[in-house]
Asks: 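Just passing along the structure, written as structure tokens.
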Amino acid sequence: YSKLLVTALRSAVTAETLTGAAQSADPMRSLRRSVQEQIARELLKRMDMKKLTVQGVDREGLEENAREKIRNIIDEVIGNNRLPDGIDPIRLEEDVFNEAMRLGPLEELLADDTVTEIMVNGPDKVYIERGGKLQLSDCQFTDDASVLAVIERIVAPLGRRIDESQPYVDARLADGSRVNAIIAPLALSGPTITIRKFSKSALTPEDFIRFGTWTHNAAEFMKLCVTLRKNIIVAGGTGSGKTTTLYSILRRINQIDTKLLTAEEPVEYNVDGIVQVPINDAIGMTFAAALRAFLRQDPDIIMLGETRDLESAEMAVQGSLTGHLVFTTLHTNDAAGAITRLVDMGVEPFLITSSLIGVLGQRLIRKICTGCKTAFTPTDDDLAALGLKRSDIGENKFYYGKGCSLCQNTGYKGRKAITELLAMSPKINDLILQNAPTIVLRDKARELGMETMREDGIRAILNGETTMEEVLKYT
């Protein structure tokens, strides 16, 4: 860890300051950066790394030593009247400490509970997802070297490395956040980092009810989960909440007399009473290998984090055919598309009809902020865009958020899932055996009573939970 500290400090003091254009755009930022570099340079001189290494000082001790020296340096600067006006010494201490010992400008974003995802696409391009909306943050790194130093600080304690021979790494932070990092030569424009933050614990169906997400479709899905022993799929795009939905179900059906096993990449939530296995292709622990091992342990319920190829799909099918309840996820646009995707992978249609009991498709949409929620009467064009007539909505109003301090003037606060449940039936099975395309399966399911994500979204609009723009965007 001491070597990492030296690398970080050298990165901080040798990096170029911001370009002339950036300096003119924000001279105070440039001045603050210059002061940080000078303090980091002085800190590097005062930290006796050889002595600390010989003494075997641990990370906590190094951090305590570094913070004390940073504070002393700043006090000296203030005592000599050399600290420029407008620079907060407390904030300066924290910035220097974070860059030297922790994750630099990312620390502030990781501490913000409203931020769900962080994407570093360059030193001056740090994006955050807040309330389902991507935006450029004020945080900046000095240069590519400082971004790379943070990546190394993340992976080194895990015994991992990232270099030209291994330019991609998937790691976890201490709080469970998932980190993906790419460097040259794979990343042509410089190192990039993506951090997905997760809830500290898995949600329950009661949480879904509280958040307004537990709809009729979700209730029917729960009924399938607790009454049948077949394959159940949750389908949706990246970040649509598939794993969160599955874990809420697992927490509900997990009983003292139930053996429940999961195979995931990575394990996103730790749940007591469940045997969770992280996938590691490097040692041969693939999804298919994990499932093969699971079936020899006489489980009642199996969760496969993702069905990504024919081998894992066939193992999931075999698991359900032998009397196990198998949960898995697929990356598809809707519920009907999951069936077509399985066929495309090479799963025989007759195996799908024999093993699959239902597919839940879902998307996440933003909810209107309750602090600035405002009603309006939709125009005929608005209704036409949603496929509605004036008679369909009666006296109901539509709503939007004006923007306020509660929602940071976005008009939205929080998210909810909209879903569609494709339950298998003899008529749907006949179409699958005929290799019917997705649109035919979808139309037949609607004819048999399936409520689509668009229709679930329209209900959310009429209930004043979301806007028509959100529903049109995601359905």
Side-chain angles (χ1 to χ4, degrees), residues 215-218 220-221 223-225 228 230-243 245-246 249 287 304-321 326-365 385-388 417-460 470-475:
T215 60
H216 173 75
N217 285 336
E220 289 299 312
F221 180 65
K223 187 185 298 184
L224 292 180
C225 295
L228 298 166
K230 285 195 175 184
N231 207 335
I232 295 175
I233 295 173
V234 178
T238 302
S240 61
K242 300 184 295 296
T243 303
T245 296
L246 280 183
I249 301 298
F287 280 110
L304 177 65
E306 181 184 351
T307 299
R308 56 177 58 173
D309 54 30
L310 175 59
E311 187 180 18
S312 56
E314 286 182 334
M315 291 300 296
V317 167
Q318 292 302 320
S320 63
L321 290 177
V326 180
F327 293 100
T328 189
T329 67
L330 272 175
H331 283 81
T332 59
N333 290 328
D334 55 22
I339 295 173
T340 309
R341 176 81 177 109
L342 289 174
V343 175
D344 289 342
M345 284 182 179
V347 181
E348 293 292 342
F350 74 89
L351 290 176
I352 297 175
T353 59
S354 301
S355 62
L356 185 63
I357 191 59
V359 182
L360 181 74
Q362 71 176 55
R363 296 284 182 89
L364 290 180
I365 59 173
L386 292 167
L388 299 175
I418 52 175
T419 60
E420 62 183 22
L421 178 62
L422 173 57
M424 305 303 287
S425 68
K427 292 183 178 180
I428 294 292
N429 286 341
D430 288 343
L431 290 176
I432 295 174
L433 294 173
Q434 296 169 25
N435 284 320
T438 300
I439 186 65
V440 175
L441 291 171
R442 182 180 177 84
D443 289 344
K444 176 57 71 172
R446 293 190 66 186
E447 180 185 317
L448 295 174
M450 182 184 81
E451 184 180 75
T452 66
M453 280 188 276
R454 169 63 65 86
E455 292 165 339
D456 195 19
I458 290 173
R459 179 188 293 109
E470 281 291 290
V471 173
L472 290 172
K473 180 179 179 180
Y474 291 105
T475 63

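As the structure is a prediction and not an experimental result, all values here were calculated from the model. Heavy-atom basis, side chains included; hydrogens, waters and symmetry copies ignored.
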Asks: What do the steps show when you test I249 against V234 for side-chain contact (heavy atoms from CB on, under 4.5 Å), and what is the final call?
Replies: CA-CA 11 Å; I249 301 298; V234 178; over 6 Å; no
Asks: Answer yes or no: is there a side-chain heavy-atom contact under 4.5 Å between E451 and T419?
Replies: no
Asks: For the pair R459 and D456, evaluate salt bridge (Lys or Arg N to Asp or Glu O under 4.0 Å) and give the outcome as yes or no after the intermediate values.
Replies: CA-CA 5 Å; R459 179 188 293 109; D456 195 19; 3.0 Å; yes
Asks: Of the non-hydrogen atoms in A335 and G361, which two are nearest, and what is the gap between them?
Replies: CB-N, 4.0 Å
Asks: Under 3.5 Å, side chain of T328 to main-chain N/O of L304, donor-acceptor pair present?
Replies: yes
Asks: Say whether, by atom type as modelled, one donor and one acceptor occur between the side chain of Q362 and the main chain of S240 under 3.5 angstrom.
Replies: yes
Asks: How long is the straight-line distance from CZ of F327 back to CG of L246, given to the nearest 0.5 Å?
Replies: 7.0 Å
Asks: With a 4.5 Å limit on heavy-atom distance, are the side chains of H331 and K242 in contact?
Replies: yes
Asks: First locate atom CD1 of I352, then atom CD1 of I432, and finally report the distance between them rounded to the nearest 0.5 Å.
Replies: 6.0 Å
Asks: How long is the gap from CD1 on I428 to OG1 on T353, to the nearest 0.5 Å?
Replies: 12.0 Å
Asks: Can you tell me which residue pairs pass the salt bridge (charged side-chain N to carboxylate O under 4.0 Å, His left out) test with a partner in residues 337-352, sequence neighbours excluded?
Replies: none
Asks: Under the criterion side-chain contact (heavy atoms from CB on, under 4.5 Å), I'd like the reasoning laid out for T329 against T245: C-alpha separation, chi angles, the key distance, then a yes or no.
Replies: CA-CA 10 Å; T329 67; T245 296; over 6 Å; no
Asks: Sequence neighbours left out, what passes side chain to side chain donor-acceptor pair (under 3.5 Å) with D309? Give chain and number order.
Replies: S312
Asks: Working to the nearest 0.5 angstrom, can you tell me the gap between L421 CG and T452 OG1?
Replies: 12.5 Å
Asks: So how far is it from L330 CG to E306 CD, rounded to the nearest 0.5 Å?
Replies: 8.0 Å
Asks: Taking side chain to side chain donor-acceptor pair (under 3.5 Å) as the test, write out the residues that go with T438, two or more places apart.
Replies: T340
Asks: For a quick test of reading the model, state the closest non-hydrogen atom pair linking A235 to V359 and the distance between them.
Replies: CB-CG1, 4.1 Å
Asks: If I take atom OG from residue S425 and atom CD1 from residue I357, how far apart are they, to the nearest 0.5 angstrom?
Replies: 9.5 Å
Asks: Are side-chain heavy atoms of L441 and L422 found at a separation under 4.5 Å?
Replies: no
Asks: For T475, which residues count as a side chain to side chain donor-acceptor pair (under 3.5 Å) partner, sequence neighbours excluded?
Replies: R454
Asks: Taking all atoms of both residues into account, what is the closest heavy-atom pair of T332 and G337, and its distance?
Replies: CG2-O, 3.7 Å
Asks: Where is the tightest heavy-atom contact between A313 and L342, given as atom of each residue plus distance?
Replies: CB-CD2, 4.3 Å
Asks: Please collect all salt bridge (charged side-chain N to carboxylate O under 4.0 Å, His left out) contacts where either partner lies in residues 439-449, sequence neighbours excluded, each pair once.
Replies: D334-R442, E420-R442, K444-E447, R446-E455
Asks: Check whether any side-chain heavy atom of M345 sits under 4.5 Å from a side-chain heavy atom of T307, and report yes or no.
Replies: yes
Asks: For E311, which residues count as a side chain to side chain donor-acceptor pair (under 3.5 Å) partner, sequence neighbours excluded?
Replies: R292
